[in-house]
Amino acid sequence: MRTPTAPTKRLRHRVAVAAALLFANNPLLSLRCDAAGTAQAAPAAPSRPVDPSARTPAAASSQLAATPLDAELLGVRMRVPAGSALRIDRTGNPTYLLSEDSENPAWRLRIAGLRASRLGTTAKSQSEDYLAELKSKGERFTVLADETRQIAGSEAHLFNIAVPLEQGGNGISGSLIVPNGPNQYVVFSMLAVERDFPATRALFDACFKTIEFTDRAARMEERATLLGRGEALVASITPAALRATLSPDPTFYRMWKPDESGAPQEVGYLMVRVREGLRGEVDASRAVDSLKAEEREPGLLVCIDARLVVNGDAAHTLDVQSRYYLSWDRSNELWSTRSTQRHRAAERSTAQTGLRLAPTAGSPRAKIQLIRSTRDGVTRETQEWPVPPAYLSPAELIVLGQLLPKRDSIDSIEFLDYAFDQRDERVPQRRETWSRTETGWKLVTQIGTSPDSLVQEFDKDGMRGRRTDPDGTVTERIELEDLRALWKSKGLPAD
């Protein structure tokens with residue numbers, strides 16, 4: 001189930017991603033001072049292999065995402081800090097840009113490939129050449145680290161430098177250069193805030209310790225196999241299977257997130273209805289008897305009413321009404337989301353409409369179209385994506401536990417699929433692991449190249465009981481009266 005996200009969180013996410021764009025194109029990234037001056041390099045430490053674990057606090061390792069970042073365009077896997085903002089630039093030399101998910105990131109990391117311009121280079125010589133180039137240009141810097149490391153069975157080299165800033169203090173930059181072929185390297189370029197650098201360096205050391213290179217050809221073959229499995233699972237979803245998800249009663253979910261002490265803090269609640277409906281019922285303002293022609297086509301209709309409390313302020317709420325339609329033959333879909341944010345007397349509304357039409361002779365390839373607008377229609381934006389293989393509609397995602405196979409012979413299935421991401425407005429590939437548990441089933445979803453996972457738990461019939469998002473938000477099933485009593489006890493609006 002894709003839960004609504006407060007606009008404030010989405011803004012913070014976009015700010016973090018935008019900050020990553022500040023990286024230069026040179027894989028050997030550095031902060032450059034504008035003022036001319038004589039380079040002041042401190043004596044380099046003896047170049048000897050360093051064991052990063054010797055100075056990496058256990059706390060740093062515990063801050064890493066459990067699932068590694070799979071930078072398959074570079075043939076690299078590495079555990080990165082949990083909750084990192086990630087952007088991938090596929091133009092030219094593929095580049096992975098990460099940063100702390102904050103309005104003012106304490107660190108940024110850029111991962112890119114580097115082909116040496118001459119033969120016979122090493123990771124150490126690449127570092128030496130780069131620092132010598134800075135010195136020859138009159139750049140002022142102080143070398144904080146210049147050391148050889150053993151990474152993924154190869155002799156890599158790391159340097160960190162402090163660069164004076166015009167406004168005072170220093171900026172910290174550096175690179176870890178790791179060979180992955182003759183005269184070829186993967187470069188991990190760092191930027192860090194000076195006051196946080198001791199903790200940031202320990203965090204990077206913990207990340208670098210997990211670097212491993214993968215066989216790209218083998219990975220592509222594996223993905224083809226998993227995608228084929230996903231296509232077979234999606235193709236097995238029949239009208240009868242969709243009808244089996246219908247329920248006469250709504251289901252309620254509580255949304256909460258642990259605070260610093262681990263105590264649950266209310267985030268919101270959901271009411272989910274799954275029934276047969278007409279295509280035109282996606283527009284809640286339309287009367288059923290006013291629907292005509294294709295608007296009267298029956299199918300699966302999932303309705304979700306949600307309320308979120310913004311920043312724990314009972315006077316600041318976000319109400320979201322979502323309706324998702326899918327025809328019984330899965331050939332076309334339509335959905336609508338209406339969001340209204342209220343803060344005391346102020347109110348602001350937005351709308352999102354998505355549709356997928358069945359292929360026709362004039363348009364043989366189906367497309368997903370998204371229309372985003374304000375309620376008054378003054379602002380209107382449209383986006384389109386081709387429908388990928390193994391595609392699951394938003395309606396199917398909500399009842400996915402009931403649609404996946406639950407035969408006695410199944411212990412675990414791993415597959416790939418695609419689904420529309422309403423929060424980020426994209427159609428990413430998803431790696432799914434569906435496995436049996438003592439009480440039912442569990443689905444672990446890795447979306448796109450994110451190292452974090454979405455975890456959902458289901459009963460033996462595939463009814464969702466609990467969902468845990470990468471940011472720690474928990475959505476769990478609850479009885480209506482218990483939900484009302486809980487919100488009333490905390491002084492929250494549960495009307």
Side-chain angles (χ1 to χ4, degrees), residues 1-18 21 85-88 101 255 267-268 270 272 277 279-286 294-295 299 301-308 310 316-327 332-343 346-358 363 365-388 391-398 418-430 447-448 450 454 469 471 473:
M1 182 182 352
R2 182 67 64 185
T3 55
T5 302
T8 50
K9 179 182 175 185
R10 185 171 175 180
L11 176 62
R12 288 197 298 271
H13 171 77
R14 288 185 172 177
V15 168
V17 173
L21 296 177
L86 170 66
R87 177 179 176 271
I88 305 173
D101 193 1
M255 298 176 63
V267 174
L270 305 170
V272 182
R279 178 182 174 88
E281 287 188 85
V282 165
D283 185 348
S285 67
R286 297 280 303 277
E294 69 272 6
E295 293 177 333
L301 183 66
V302 180
C303 304
I304 300 179
D305 293 305
R307 168 163 289 181
L308 289 87
V310 180
H316 192 179
T317 61
L318 178 68
D319 292 328
V320 183
Q321 184 184 66
S322 305
R323 294 194 170 196
Y324 305 98
Y325 164 86
L326 176 68
S327 63
N332 69 91
E333 65 181 288
L334 180 67
W335 75 83
S336 172
T337 299
R338 301 288 182 267
S339 303
T340 301
Q341 187 171 180
R342 297 180 177 89
H343 192 196
E347 181 176 309
R348 179 175 178 270
S349 297
T350 58
Q352 183 190 88
T353 301
L355 68 154
R356 172 173 60 91
L357 301 176
S363 182
R365 185 168 185 183
K367 292 183 179 180
I368 300 166
Q369 186 178 82
L370 179 73
I371 303 169
R372 183 157 36 88
S373 62
T374 55
R375 174 167 287 183
D376 57 14
V378 173
T379 303
R380 183 182 175 93
E381 299 177 17
T382 301
Q383 294 176 271
E384 283 189 351
W385 298 266
V387 177
Y391 169 76
L392 290 167
S393 69
E396 290 167 309
L397 290 183
I398 297 165
Y418 287 84
F420 183 72
D421 186 325
Q422 284 186 264
R423 187 188 73 176
D424 293 334
E425 296 180 355
R426 60 192 182 111
V427 189
Q429 188 178 80
R430 300 150 43 103
I447 301 175
S450 171
L454 163 68
D469 283 86
D471 69 352
T473 300

Gly277 versus Tyr325, closest heavy-atom pair with distance: O-CE1, 4.0 Å
Among Leu334, Val282, Asn332, Leu370, side chain to side chain contact (heavy atoms under 4.5 Å, CB included) partner for Leu355: Leu334
Beyond-backbone contact of Arg307 with Val267, side-chain heavy atoms, under 4.5 angstrom: no
Asp421 bridged to Arg423 by N-O distance under 4.0 Å: no
Side chain Asp424, main chain Arg426, donor-acceptor under 3.5 Å: no
Minimum heavy-atom distance between Ala419 and Pro428, given as atom pair plus value: O-CD, 3.2 Å
Chi angles and distances behind the side chain to side chain contact (heavy atoms under 4.5 Å, CB included) call for Gln422, Gln352: CA-CA 9 Å; Gln422 284 186 264; Gln352 183 190 88; 2.9 Å; yes
Distance-only polar pair, side chains of Gln369 and Gln383, donor-acceptor under 3.5 Å: no
Salt bridge Glu333-Arg279, side-chain N to carboxylate O under 4.0 Å: no
Rounded distance (nearest 0.5 Å) linking atom CD of Glu347 with atom OG1 of Thr317: 9.0 Å
Note, Arg372 side chain near Glu425 side chain (heavy atom, < 4.5 Å): yes
OH-CZ distance between Tyr391 and Phe420, expressed to the nearest 0.5 angstrom: 8.0 Å
For the student: nearest non-hydrogen atoms of Trp385 and Val427, plus distance: CG-CG2, 3.8 Å
Beyond-backbone contact of Arg356 with Val387, side-chain heavy atoms, under 4.5 angstrom: yes
Heavy-atom check, side chain of Leu308 versus side chain of His316, under 4.5 Å: no
